[in-house]
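Let me begin by presenting the structure, written as structure tokens, before commenting on it.
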Amino acid sequence: RNWIEVRRVHSSEDALAEAAASRIAEGEVVAWCQGGAEMGPRALGHRSILADPRRGYLLDFINTKVKSRETFRPLAPVVLAEKAG
């Protein structure tokens, strides 16, 4: 299976969010783009790379295959406040 797949057709925002959550739960990496675009090496807006932080192998996959950068670079995990310990 190819590791790049583009999907744009969903009946609602809820359906889109559910599809993304399902992919993440299956161990896949989801690129989330919304709104306008920014350019440059430090552009932060309107896009995210989403993955299950419990799957350690995804750090190397994201750094090498998705971002094409050194493997020692960290990622910033985010969780809901009510789920944090």
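Small disclaimer: the values here were computed from a predicted structure and weren't measured. Counting begins at 1 with the first residue of the sequence.
For the pair V29/L50, no side-chain contact is recorded, criterion being any heavy-atom separation below 4.5 Å from C-beta on. Put simply, the side chain of W32 reaches to within 4.5 Å of the side chain of L16, judged on heavy atoms.
Between I24 atom CD1 and R54 atom CZ the span is 10.5 Å, to the nearest 0.5 Å. Interatomic distance, CD1 of I49 versus CG of L58, reported as 11.5 Å (0.5 Å rounding).
Remark: the backbone N or O of E28 is not paired with any side-chain donor or acceptor of R55 at under 3.5 angstrom. A distance-only check finds a donor-acceptor pair linking the side chain of T64 to the backbone of D60 [under 3.5 Å].
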